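Before any comments, here is the structure.
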Amino acid sequence: MTTSPLFYQAGPAMPEVSHARGVFLWDAQGKNYLDGCSGAISCNLGHGHEAIRDAMLAQLDRVAFTYRTQFENAPAVALAHELVAMTEGELEKVFFVSSGSEAVESALKLARQYFVANGEPQRRHFVSLRPSYHGSTLGALGVTGYQPLEAPFTDITPSSIKVPGPDFYRAGQTDRSAHIRHVLNETRAQIEATGGDSVIAIVVEPVGGASTGARLVDKAYLEGLRQLCDEFGCLLIFDEVLCGIGRTGRWFAYQQWGVAPDLLTTAKGLGAGYYPVGALLCREALVETVMANGGFQHGHTYAGNPLACATGLAAIEAIRREGLLDNVKARGQQLQQGLEALQARHPWLGDVRGLGLLWGVELVMDPVEKTSFPAEANLHAKVTALAKEEGLLIYPRRTLDGLAGDHFLISPPFTISESETELLLERLASALERLDREVVAPLLDTATVSSANAITG
């Protein structure tokens, strides 16, 4: 235990940050780090963005805080209009919060209250994927499928019905359409076993985040979910806390496939790392039903905070003014090519997947069988530590329900340049060479010897 009064998670001592600018941060000793994961996939515009600073200072000079039941404020109204326009009017109502977990909690509660107000109080179950991640508060944790995070709280969380999602990498040579049909049939079977009229909503990430390493869905899968929701009369919730606000090259990831949800959550990049702000977007009909029956029984002190909303508005305006969605696509292609070149050099980089500037790299011991490294080897943590030593920040996690498998995310700020992307790939290449030499090669040698002994024995 350190002498610091702060505590977060167990782990090695961290360097103290000194300052940051653009896609770089410096520690107190003067070493620089390229932010290859936008902090927690949130600093979409990098560090020290002057237009956002100016917008925040201007708002501070007017008013930093008002309470939503006492005043309306112009930044909240303007940001809500922007978000609705970004969905091309498919989601017409907005409720502001301060974080992704709060946004998911708000979606779950609004969906439940809608059915209570609509005369269907028997609907009390949510359906979500395993693995998945939707937040750390108890309600959001209930729809999360990641066992280490769930385990201490299983007895006190409102657990959801967990179903498998698409895994195109591990499906291997299986026909893609057949794989989707299998996954959707399993989802249908579990809904029917529970009772279709007891389901509130299906909750899914259009592009997986930390829990799956940017695992992708496709149009057929999302269309299948939409059809299931329509058939059983339940709602479709997209969690875009991580993949929304331009991260995939579109304002929202679901727009890559053209299948709209009933509710959508977003946060992280909405405040671009400058101020906490998140949002729930939803169809107007849901809100009208709830508001006609006493109003939404939910709220947060900082919901619609003017400083938060001014920050979010400035972030969206900067993305639009600087043409950063185009840069996300261009740098994403560059990043994909570079990651695939590294994959060709290191066969244990089993899969490279993603969209825009959200890429996951999965590490496997056997690229043919797709077997994971031993969990106790902690490859995800070791590659992250080596990358940090090389001056690159990446985001690690376990791939298979938090129990096994290793991956890391590469998701730099939208402002990253072509030359900075090359530097990112160079620093990653150095870290992977060290991982290969210091960790992977000895593990593979040990596995080869053990296999030979088993055969001769």
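All figures in this text were calculated on a predicted structure; none of them were measured in a lab.
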Residues in salt bridge (charged side-chain N to carboxylate O under 4.0 Å, His left out) with [X], at least two apart?
{"X": "E105", "value": "none"}
{"X": "R434", "value": "E389, E390, E438"}
{"X": "R226", "value": "D230, D262"}
{"X": "E88", "value": "none"}

- Item | For W348, ring-ring contact (aromatic ring centres under 6.0 Å, His included) partners two or more places apart |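 Per chain and number, W348 pairs via ring-ring contact (aromatic ring centres under 6.0 Å, His included) with H346.
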- Would you list the pairs meeting side chain to side chain donor-acceptor pair (under 3.5 Å) in which at least one residue belongs to residues 20-30, sequence neighbours left out?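 Applying side chain to side chain donor-acceptor pair (under 3.5 Å) to every pair that reaches into residues 20-30, excluding sequence neighbours, yields D27-Y33.
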Residue pairs fulfilling ring-ring contact (aromatic ring centres under 6.0 Å, His included) with at least one residue in [range], sequence neighbours excluded:
{"range": "residues 89-111", "answer": "F95-F296, F95-H298"}
{"range": "residues 373-396", "answer": "none"}
{"range": "residues 312-340", "answer": "none"}

- Summary of salt bridge (charged side-chain N to carboxylate O under 4.0 Å, His left out) pairs that have at least one residue in residues 330-350, sequence neighbours excluded: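 Qualifying pairs: R345-E433.
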Any side-chain donor paired with an acceptor under 3.5 Å for [X] and [Y]?
{"X": "E90", "Y": "Y254", "result": "yes"}
{"X": "H134", "Y": "T144", "result": "no"}
{"X": "S160", "Y": "K162", "result": "yes"}

- Query: Hey, are the side chains of L222 and L236 touching, using non-hydrogen atoms and a 4.5 Å cut-off?
  - Reply: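 SC-SC contact between L222 and L236 ruled out.
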- Message: Contact between K268 and I245 at the side-chain level, heavy atoms closer than 4.5 Å - yes or no?
- Response: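 In short, these two side chains do not touch, never coming nearer than 4.5 Å.
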- Item | Carboxylate-amine/guanidinium proximity below 4.0 Å for R170 and E362 |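 The answer is yes: the pair qualifies as a salt bridge.
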- Query: Hey, are R320 and E82 close enough for a salt bridge, meaning a charged N less than 4.0 Å from a carboxylate O?
  - Reply: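 Salt bridge present between R320 and E82.
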- Query: Listed by chain and number, what are the side chain to side chain contact (heavy atoms under 4.5 Å, CB included) partners of V77, not counting sequence neighbours?
  - Reply: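 By the side chain to side chain contact (heavy atoms under 4.5 Å, CB included) rule, V77 matches E72, H81.
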- Partners meeting side chain to side chain contact (heavy atoms under 4.5 Å, CB included) with S136 (sequence neighbours left out):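 Partners of S136 under the side chain to side chain contact (heavy atoms under 4.5 Å, CB included) test: S101, Y133.
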- Message: Using only atom types and a distance under 3.5 Å, with no angle test, would you say the side chain of T87 pairs donor to acceptor with the backbone of L91?
- Response: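 A pair under 3.5 Å: yes.
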- Item | Flag, side chain of N327 to backbone of F414, donor-acceptor distance under 3.5 Å |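 Indeed, once roles are kept as given, a pair shorter than 3.5 Å links the two residues.
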- Should the pair R353 and F168 be classed as cation-pi, given the thresholds of under 6.0 Å to the six-membered ring centre and 45° from the axis?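 R353 over F168 ring: no.
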